[in-house]
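Report on the structure given below.
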Amino acid sequence: MTLRLDPDRLLPADPATREIARELYALVADLPIVSPHGHVDPRLLLDDEPFPDPAQLFIRFDHYVTRLMHAAGVELADLGIPHADGRPVAAPRDVWRTFCAHWRLYAGTASGYWLQHTFATLFGIDEHPSPENADALYDRVQAALETDEFRPRALFARFGIDVMATTDDPMDDLAAHRALADDPTFTGRVLPTFRPDAYLNPLAPGYADNVRRLAEWGGHEADDFRGYLDSLERRRRHFVEHGAVSADFGVLEPYTVDLGVEGASALFAQAVAGTISPADARELLGHMLLESARMSVEDGLVMTVHPGVARNHSSSTFRSYGPDTGHDIPVAVEYVENLRPLLERFGDDPSFHLVLFTIDETVYSREIAPLAGFYPSVYIGAPWWFIDAPDAVLRFRAAVTETAGFSRGSGFIDDTRAFLSIPARHDMSRRLDAAFLARLVIEGRIDRDTAAQIVVDLVDGSPRRVFKL
Amino acid sequence: MTLRLDPDRLLPADPATREIARELYALVADLPIVSPHGHVDPRLLLDDEPFPDPAQLFIRFDHYVTRLMHAAGVELADLGIPHADGRPVAAPRDVWRTFCAHWRLYAGTASGYWLQHTFATLFGIDEHPSPENADALYDRVQAALETDEFRPRALFARFGIDVMATTDDPMDDLAAHRALADDPTFTGRVLPTFRPDAYLNPLAPGYADNVRRLAEWGGHEADDFRGYLDSLERRRRHFVEHGAVSADFGVLEPYTVDLGVEGASALFAQAVAGTISPADARELLGHMLLESARMSVEDGLVMTVHPGVARNHSSSTFRSYGPDTGHDIPVAVEYVENLRPLLERFGDDPSFHLVLFTIDETVYSREIAPLAGFYPSVYIGAPWWFIDAPDAVLRFRAAVTETAGFSRGSGFIDDTRAFLSIPARHDMSRRLDAAFLARLVIEGRIDRDTAAQIVVDLVDGSPRRVFKL
Amino acid sequence: MTLRLDPDRLLPADPATREIARELYALVADLPIVSPHGHVDPRLLLDDEPFPDPAQLFIRFDHYVTRLMHAAGVELADLGIPHADGRPVAAPRDVWRTFCAHWRLYAGTASGYWLQHTFATLFGIDEHPSPENADALYDRVQAALETDEFRPRALFARFGIDVMATTDDPMDDLAAHRALADDPTFTGRVLPTFRPDAYLNPLAPGYADNVRRLAEWGGHEADDFRGYLDSLERRRRHFVEHGAVSADFGVLEPYTVDLGVEGASALFAQAVAGTISPADARELLGHMLLESARMSVEDGLVMTVHPGVARNHSSSTFRSYGPDTGHDIPVAVEYVENLRPLLERFGDDPSFHLVLFTIDETVYSREIAPLAGFYPSVYIGAPWWFIDAPDAVLRFRAAVTETAGFSRGSGFIDDTRAFLSIPARHDMSRRLDAAFLARLVIEGRIDRDTAAQIVVDLVDGSPRRVFKL
């Protein structure tokens with residue numbers, strides 16, 4: 001069976017609608033990539049070393065890919081992920097063979113779509129991976145990776161990436177970002193993102209240690225709440241000085257509350273001492289989300305919130321293989337009451353940008369679109385994670401557009417650690433934008449000229465405006 | 001860019017399906033409008049004065065329209081809405097210019113669709129509003145408004161409105177309704193609707209004052225619960241005598257409970273005294289919903305429930321500009337357990353009609369359609385507010401029809417205070433009914449004759465039966 | 001009006017997509033039926049008596065059908081359902097006439113679709129039921145039922161049923177299953193299913209009596225928790241020995257918890273004594289779900305969970321007509337936290353199969369697909385009850401496939417007590433699978449060969465693998 005990229009893939013089936021979609025897609029197919037939120041390591045570009053092997057590149061670090069093989073009964077160690085007990089980990093070629101033997105699992109999935117795009121466009125692979133061709137494909141990809149054209153910087157240029165944000169620890173010195181910015185041979189724009197969860201959530205692993213490190217750097221007592229706020233503000237400024245445009249928050253629920261300085265200080269002391277109750281930890285985190293919004297108002301960092309994921313659902317997998325190994329599971333999320341204290345205070349400030357992401361699709365039409373359709377600060381985050389997939393993206397567009405139009409969206413966010421998948425993801429998004437707009441045109445809801453303006457704005461204007469790029 | 005109405009707008013893209021949809025739509029396109037729930041002021045028709053200006057007509061009172069400009073950073077005072085601090089409010093022409101400059105915000109929204117329909121059909125506008133043509137469009141609309149053809153009664157006739165319900169305070173003397181009914185020169189049917197929220201919910205602003213006014217009218221002590229019930233019943237009779245067919249309830253949740261007369265009396269006394277707790281206020285309101293259902297069983301008024309909206313989410317906007325200014329945000333709602341006490345008592349009575357509306361789409365297939373598919377009293381309210389929009393309406397039809405068929409729906413409800421948008425809204429609904437039914441025909445699920453009967457019944461039979469018109 | 005089966009029914013409207021769907025459907029249209037979960041009485045096949053009359057066959061026992069007539073104001077006694085007060089029950093012919101007079105209620109519903117399929121394919125009925133033809137149709141169906149071709153075994157063979165599971169009480173001696181298996185003249189495979197709800201849920205009617213009967217059989221005290229577990233295990237073995245492949249659990253919520261033997265014993269004693277609180281009953285049931293999973297790990301029975309239905313919502317209907325009379329209403333369900341204790345313990349065991357069903361559609365993309373996309377034990381149950389309907393099934397496929405692919409589904413489950421509807425239901429599912437896959441092909445997301453493999457696997461491979469057939 002052949003694996004060919006359909007030039008019309010993801011465009012609507014109806015011929016007249018498809019024709020319009022083709023025209024719209026053509027307007028954006030080759031525009032530069034703007035990637036304001038993601039998880040690529042900046043040292044990848046700084047070092048510009050060749051990717052080691054196909055298994056490292058496509059499988060071992062991509063929990064979208066490993067989880068379906070795990071569901072099919074494959075041990076994660078057999079996919080190259082180190083086990084805490086030190087057991088032998090599969091060799092790259094064996095990992096690849098296992099993957100090829102399970103290729104059928106990905107039919108119809110977003111991962112399968114991206115992999116197919118990447119295999120075809122970068123490596124010229126035109127057949128389905130299988131046990132029979134696994135070794136040949138491995139050799140083919142490996143050979144390509146050893147060429148200069150497949151070094152990270154060469155790919156960065158080939159992908160047409162205009163700007164790409166990484167995600168970084170607040171105490172990161174951002175040396176890699178500075179070195180990249182100072183390197184005259186690299187002209188891309190790679191920005192850090194301030195991600196303070198492990199410093200804000202008293203229940204996060206390592207919280208007390210993180211706060212102590214921060215206090216030590218700041219020159220104050222670990223349980224000095226005002227010092228803590230001050231140090232966070234200074235670390236944010238450090239990020240701003242290194243080009244950061246946003247701060248990202250991964251919370252179970254977007255709960256916000258104003259405890260007052262005294263109330264927050266008292267809970268903070270308990271948190272640092274490790275004696276805080278789960279209920280109070282929730283309160284303190286809610287207060288810190290509010291403080292973080294205040295800091296955004298002051299320093300201009302866009303505030304992005306990614307809530308509603310029960311992380312590390314399988315304790316045994318977490319103990320054996322660590323986080324980000326495929327068992328983070330979405331849960332229902334509530335935004336309207338949870339965010340009210342924050343929006344009461346800062347929601348009307350147009351210079352404050354709050355981007356609300358979700359994996360709980362039910363909130364798009366019910367909560368997020370109505371909020372973004374009133375508050376100047378609120379933007380609708382692009383579909384994320386499990387719902388960054390063709391049908392889900394069209395559901396998203398249909399759910400939010402009728403209430404909030406096209407002006408309140410974040411623009412596409414790839415949010416990926418899989419560097420090679422970036423073009424596939426942005427291309428998918430552009431095709432789906434074209435498909436959605438073409439339907440509105442054929443249904444007489446917007447005209448072609450308007451659709452043409454919108455499709456370009458979604459790819460180029462929206463992310464630059466929302467992320468202040 | 002031109003702004004032309006596609007004669008096939010909202011019909012399915014597939015040519016064969018579109019052909020069927022066209023035939024179905026043709027059967028209902030010109031049927032009279034039945035509007036059993038809405039917010040037009042009856043004095044508009046009684047006085048029959050010209051509409052003052054385009055800004056008053058299209059923008060200032062339409063929070064569907066103002067909210068998106070507010071999200072884009074426009075102050076509500078600049079849209080003609082008076083600020084509590086008495087600051088100058090923008091002049092109508094300036095409001096209109098601001099609107100034209102933001103026209104692009106409405107692309108793909110329901111409001112944009114209705115405005116475009118109204119501009120084209122009533123004013124012959126065939127270009128997109130813009131800063132360039134704002135003044136010319138203003139003058140054109142203004143000139144039309146000054147003609148007799150654009151007086152409210154002339155439009156009422158031109159729109160083909162057969163019957164239209166308003167929404168009224170329980171203490172309203174309904175003089176406007178009586179005068180309209182008595183006016184031999186006006187042959188339309190304009191009905192009041194009993195909307196007692198501010199007299200039932202102890203947490204509503206002005207509740208105690210309202211209850212006192214009611215008691216004074218009824219000739220009993222303010223905290224006399226039996227007198228209170230009796231006065232409510234008599235006010236409802238007053239409405240029935242003036243043609244009312246329904247009573248409407250806007251609650252956060254459709255919670256119902258039977259506290260017994262003694263339990264309810266005790267909480268009522270606290271409510272009137274202003275000492276009731278929020279939890280007890282919820283109980284009392286739940287009891288009053290049950291009492292209201294009982295009254296409906298007795299006096300025949302259809303009971304409509306519009307739950308699940310967090311009203312006045314932005315306190316600062318509420319303080320400055322009052323209610324209905326764009327920041328009412330939907331929340332998740334539960335119907336199955338909340339309505340159980342009410343349905344246990346009255347659900348099996350086919351003479352009792354309970355119409356359940358929602359903005360929380362998740363309940364259509366899970367809760368409302370199964371309830372309406374069993375209880376003779378329960379009807380499925382048409383999509384409301386944010387989800388009265390093309391894609392959302394088709395989702396609604398797909399969500400409820402397979403469980404409850406076509407016989408359990410309310411028929412279309414425009415629920416609008418924007419008088420000029422009424423034809424656009426009903427036309428949209430009819431096109432979407434035709435589109436949905438055409439799909440069922442092309443998929444071999446119903447035949448054309450059945451579809452033709454249904455499409456007419458949805459427009460004409462359903463609302464008349466459900467609202468006892 | 002004629003009632004003709006469109007040979008392309010349920011296939012996509014777009015001609016090119018429809019052509020692909022036709023090819024895919026042709027691959028599975030005539031495959032044998034695998035029905036791993038349902039509610040047909042095994043004695044139907046053991047006795048092989050003629051069906052008594054059309055009303056018994058199509059109406060009286062099918063609460064999908066009776067509920068819509070009830071909503072239209074028909075008393076259930078008039079549909080042949082005995083009333084607790086002993087009032088006269090309508091005669092079969094009168095029931096049938098009532099049904100024919102209400103045939104329009106079913107337009108667009110899943111029940112209408114199945115009935116139409118059955119009427120056309122089995123009885124050659126090519127007109128809509130109506131008051132005019134009611135008697136003629138009754139006579140026609142009745143005459144057919146009296147022929148040998150319409151005996152249950154003849155239909156079982158004609159339907160091409162390869163294997164069919166029933167649902168049985170844990171104390172059932174399974175004599176009917178044994179007799180069927182031992183009957184050389186019947187070559188079908190009819191399997192029992194262990195359904196212990198009334199023995200596990202302290203709030204189920206008859207719980208204490210059931211536990212006592214179980215204890216008596218097991219030879220231990222009624223409140224001996226270890227004896228109780230042991231007896232349940234032995235009853236399960238009895239089922240396994242009679243061919244059972246699964247145990248089914250109908251709970252309000254899929255809550256699981258480990259109380260420890262002592263904690264569970266204490267609550268169990270209270271439950272048997274009838275003194276347990278609702279909160280503790282929930283705990284004990286949660287513990288028993290966990291114990292049941294352990295038993296499945298040990299004896300291999302697939303664990304199926306059907307949660308989220310508020311049973312017998314109308315107390316008066318329940319008192320008059322008993323359970324399963326159309327007023328079971330779905331509620332929102334949570335799987336991620338509720339199932340965590342169970343999955344922590346058994347989720348990684350690929351020999352354990354846990355099939356999660358839902359009527360709450362919101363959990364497909366948010367919870368069930370992500371869980372099934374990681375845990376080797378978790379499978380996605382096919383849409384059930386109200387959402388086993390064409391549009392809902394396509395929503396289901398679109399919601400789960402992008403996250404979990406096609407390998408994590410249960411295969412189609414008819415879950416019906418309406419024996420004659422089985423072919424219609426399986427045919428509907430196959431058409432929808434073909435329709436969904438054809439869309440992925442035309443959108444360039446999978447190729448035709450892959451789609452052809454998948455469509456066959458969904459019908460044949462999936463249910464056999466997941467249910468260990």
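Values in this document were obtained by computation on a predicted structure and should not be read as measured data. The figures that follow rest on heavy atoms only: side chains count, while hydrogens, waters and symmetry mates do not. First the proteins, then the strands, lettered A, B, ... as listed; each starts at 1.
- For chain A, no part of C/R397 is nearby; none of its heavy atoms comes within less than 4.5 Å.
- Residue C/A16 does not touch chain A at all, counting heavy-atom pairs closer than 4.5 Å.
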Report task. May I have the step-by-step check of ring-ring contact (aromatic ring centres under 6.0 Å, His included) for A/H83 and A/Y321, ending in yes or no? Result -> CA-CA 5 Å; A/H83 192 288; A/Y321 294 106; 4.8 Å; yes

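- Paired with C/H353 under the rule ring pair (Phe, Tyr, Trp, His ring centres under 6.0 Å), one option of C/F467, C/F346, C/Y379, C/Y375 passes, and it is C/Y379.
- Relative orientation of the A/Y64 and A/W385 rings is parallel, given thresholds of 30° and 60° on the angle between their planes.
- If you measure heavy-atom distances from C/R448 to chain A, you find no contacts under 4.5 Å at all.
- Looking at C/H287, its side chain does come within 3.5 Å of a backbone N or O of C/L259 through a donor-acceptor pair.
- Heavy atoms of A/L68 lying under 4.5 Å from chain C belong to its backbone as well as its side chain.
- For the pair C/R445/C/R439, a side-chain contact is recorded, criterion being any heavy-atom separation below 4.5 Å from C-beta on.
- Neither the backbone nor the side chain of C/D349 has a heavy atom closer than 4.5 Å to any heavy atom of chain A.
- Between the side chain of A/N338 and the backbone N or O of A/E334, at least one donor-acceptor pair lies under 3.5 Å.
- Between chain C and the options A/H70, A/R104, A/R9, heavy-atom pairs under 4.5 Å are most frequent for A/H70.
- Panel note: side chain A/N133, backbone A/S130; a donor-acceptor pair is recorded below 3.5 Å.
- Put simply, the residue from C/I359, C/L252, C/V309 that forms a side-chain contact (heavy atoms from CB on, under 4.5 Å) with C/V331 is C/L252.
- For A/P390, the parts sitting under 4.5 Å from any heavy atom of chain C are the backbone and the side chain alike.
- Residue contact with chain C, scored on non-hydrogen atoms closer than 4.5 Å, involves the backbone and the side chain of A/F386 alike.
- With chain C as the partner, the residue from A/M69, A/R18, A/H313 showing the most heavy-atom pairs under 4.5 Å is A/H313.
- Of the atoms belonging to C/I442, heavy atoms from both backbone and side chain fall under 4.5 Å from chain A.
- Of the possible donor and acceptor atoms, one in the side chain of C/R408 sits under 3.5 Å from a partner among the backbone N and O of A/A71.
- Between chain C and the residues A/E361, A/R395, A/H63, A/Q116, the largest count of heavy-atom pairs under 4.5 Å involves A/R395.
- C/T401 touches chain A through backbone and side chain together, each having a heavy atom under 4.5 Å away.
- The candidate with the highest count of non-hydrogen atom pairs below 4.5 Å against chain C, out of A/L5, A/T362, A/L10, is A/L10.
- For C/A372, the part sitting under 4.5 Å from any heavy atom of chain A is the backbone (N, CA, C, O) and nothing else.
- Under the 6.0 Å distance and 45° angle rule, C/R431 counts as a cation-pi partner of C/Y25.
- When the candidates A/A332, A/P7, A/G308, A/A392 are compared by the number of heavy-atom contacts under 4.5 Å with chain C, A/A332 comes out ahead.
- Taking both residues in full, the closest heavy atoms of C/L289 and C/M303 are given as O-CE, 3.4 Å, listed atom of the first, atom of the second, then distance.
- Within the 4.5 angstrom heavy-atom criterion, atoms from both the backbone and the side chain of C/T403 approach chain A.
- Both the backbone and the side chain of A/S314 come within less than 4.5 Å of a heavy atom in chain C.
- In this structure, A/W103 and A/F119 have tilted ring planes: the angle between them lies in the 30° to 60° band.
- Proximity to chain A is limited to the side chain of C/L343, based on heavy atoms less than 4.5 angstrom apart.
- Of the atoms belonging to A/S111, not a single heavy atom falls under 4.5 Å from chain C.
- The parts of A/D391 that come within reach of chain C are both its backbone and its side chain, each placing non-hydrogen atoms under 4.5 angstrom from that chain.
- Of the atoms belonging to C/I454, it is side-chain heavy atoms, and not backbone ones, that fall under 4.5 Å from chain A.
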